[in-house]
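Chain letters run A, B, ... following the sequence lines, proteins first, then strands; residues in each count from 1.
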Number of protein chains: 2
Amino acid sequence: MPDTPPPLAPVELGAYFSLMEVAGLLRHAVEQQLREEGDLSYVQFQLLARLALDSPSGSERMTDLADGVVYSRSGLTYQAGLLEKAGLVERAPSPDDERSVTVMVTAAGRALIERVLPGHVEVVRHQLFAPLSEAGTRALGELLSPVREHMRAAPPRSAGARRRRR
Amino acid sequence: MPDTPPPLAPVELGAYFSLMEVAGLLRHAVEQQLREEGDLSYVQFQLLARLALDSPSGSERMTDLADGVVYSRSGLTYQAGLLEKAGLVERAPSPDDERSVTVMVTAAGRALIERVLPGHVEVVRHQLFAPLSEAGTRALGELLSPVREHMRAAPPRSAGARRRRR
DNA sequence: AACACTTGCTTCGACTTCGAACCAGCGCTA
DNA sequence: TAGCGCTGGTTCGAAGTCGAAGCAAGTGTT
């Protein structure tokens, strides 16, 4: 039997649990606001926001979207379908690569993001940042940023399954 | 039209996104390990762990469990059913309050937790704490702990719907 | 004691999410 | 250019999640 690793120190446990719980509760709160003000789920908001705010062209390939949002491919297909049905986004085959599909925000999509963003910001501010000082906020970002990079280095989620093939 | 709030500063955005992404990826990683080594979902692990490690009596009421794990009541009913079918917990009507149900870990449940815990700890250590210094870890916990408290102050999730009645 | 209100849990239906299986286009090598 | 593996997306079935509705037991009011 292999040595069991030393248990997590109380400090670590506290950090770990707090992190998970805070993220969970925050997501809940945000989701509620988005649902009420824009009839969007958190994932849908993420997708729209990424397209509308982070992408210069307002469009991305499906797989890149899936990777960016930590989503399975099939799940993304589903959500993209919903967003398209709602007229917030359009799908078109990519010109250079016949297999891939590019997703693009529509004007309606951009408008919706603009509409829900202020409320979104309010919620995040109240829930997450209210108990933190200016310095605390900065520190939090600086602590988590390297962790984020570290985790991203691992294989992207959208593939995942495929690679398991012998 | 009301004033729109000032947008989140880049520092805040960074902290917010990092937090959500780190939590999401970590959950993914942990879930995978739990699935492989113990055939448990993250939620099931949380429930078992709470009963086996946090509760002196090894038992809790359904609602308290739901609140502690940020879970809807109906979802908990479902999961408790699964865990019971697997022989990891037992449900019994509470002696003092005829309505409420007490959930208790079985020996098998405790054994399973013991079995998966080391691997769990390994994953958390590698994924979350590897890029952090000792001091960083402590700082992270100290930053998030007040936020956690702050968010918990809001109404618990398991009720939520009910209170909306006029 | 009878009434209404609240609380604890379950049932139900609708919606998400995931992974496995699948098809089709790309790229490499022979 | 024929063949083979690889990659991008979708489809499909199984599982998880939630809120609304429902039932039973407690609490309080008159």
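- For the salt bridge (Lys or Arg N to Asp or Glu O under 4.0 Å) test, residues two or more places apart in sequence or in another chain that qualify with B/Arg61 are B/Asp64.
- An OP1 or OP2 oxygen of C/dT10 is reached within less than 4.0 angstrom by no side-chain nitrogen or oxygen of B/Arg73.
- Ionic pairing of A/Arg50 and A/Glu60 is present here: one or more N-O contacts between side-chain nitrogen and carboxylate oxygen are shorter than 4.0 angstrom.
- Contact record, A/Leu34 with A/Tyr42: CD1-CA, 4.0 Å, taken as the closest heavy-atom pair.
- Residues passing the side-chain hydrogen bond (donor to acceptor under 3.5 Å, both in side chains) test with B/Glu134 are B/Arg138, sequence neighbours excluded.
- For the pair A/Glu31 CD and C/dT17 C1', the computed distance is 13 Å after rounding to whole Å.
- Comparing D/dT17, D/dC18, D/dG9 by their nearest atom to the side chain of B/Arg27 picks out D/dT17.
- Comparing A/Gly75 and A/Asp96 along DNA chain C, the residue whose closest nucleotide (by nearest heavy atom) sits nearer the 5' end is A/Gly75.
- With sequence neighbours left out, A/Ser41 forms a side-chain hydrogen bond (donor to acceptor under 3.5 Å, both in side chains) with A/Gln44.
- Here C/dG19 presents its C1' atom at 12 Å from CZ of B/Arg35, a figure rounded to the nearest Å.
- Whole-Å rounding puts the B/Asp97 CG to C/dT7 P distance at 12 Å.
- In terms of the side-chain hydrogen bond (donor to acceptor under 3.5 Å, both in side chains) criterion, B/Thr106 has no residue partners (sequence neighbours excluded).
- Taking atom CE of residue A/Met62 and atom C1' of nucleotide D/dG8, one finds them 9 Å apart after rounding to whole Å.
- Here A/Ser100 does not reach the OP1 or OP2 of C/dG25: none of its side-chain N or O atoms lies under 4.0 Å away.
- Sorted by residue number, the members of residues 77-92 of chain A with any non-hydrogen atom under 4.0 Å from DNA chain D read A/Thr77, A/Arg91.
- As rounded to whole Å, 11 Å separates atom P of C/dC9 from atom CD of B/Glu60.
- Here B/Ser74 lies in heavy-atom contact (under 4.0 Å) with a base.
- For A/Thr137, there are no side-chain hydrogen bond (donor to acceptor under 3.5 Å, both in side chains) partners two or more places apart in sequence or in a different chain.
- Of the residues in residues 40-53 of chain B, those with a non-hydrogen atom less than 4.0 angstrom from any atom of DNA chain D are B/Val43.
- In this structure, OH of A/Tyr71 is placed 3 Å from P of C/dT17, rounded to the nearest angstrom.
- A/Glu21 meets the salt bridge (Lys or Arg N to Asp or Glu O under 4.0 Å) test with B/Arg148, B/Arg152; sequence neighbours excluded.
- If you check distances only, the side chain of A/Arg99 never reaches the base of D/dG9 with a donor-acceptor pair under 3.5 Å.
- Alongside A/Tyr78, the hydrophobic cluster contains A/Leu82 (criterion: ILVMFWY side chains under 4.5 Å).
- Scanning atom types as modelled, no donor and acceptor separated by under 3.5 angstrom connect the side chain of B/Ser72 and the base of D/dG19.
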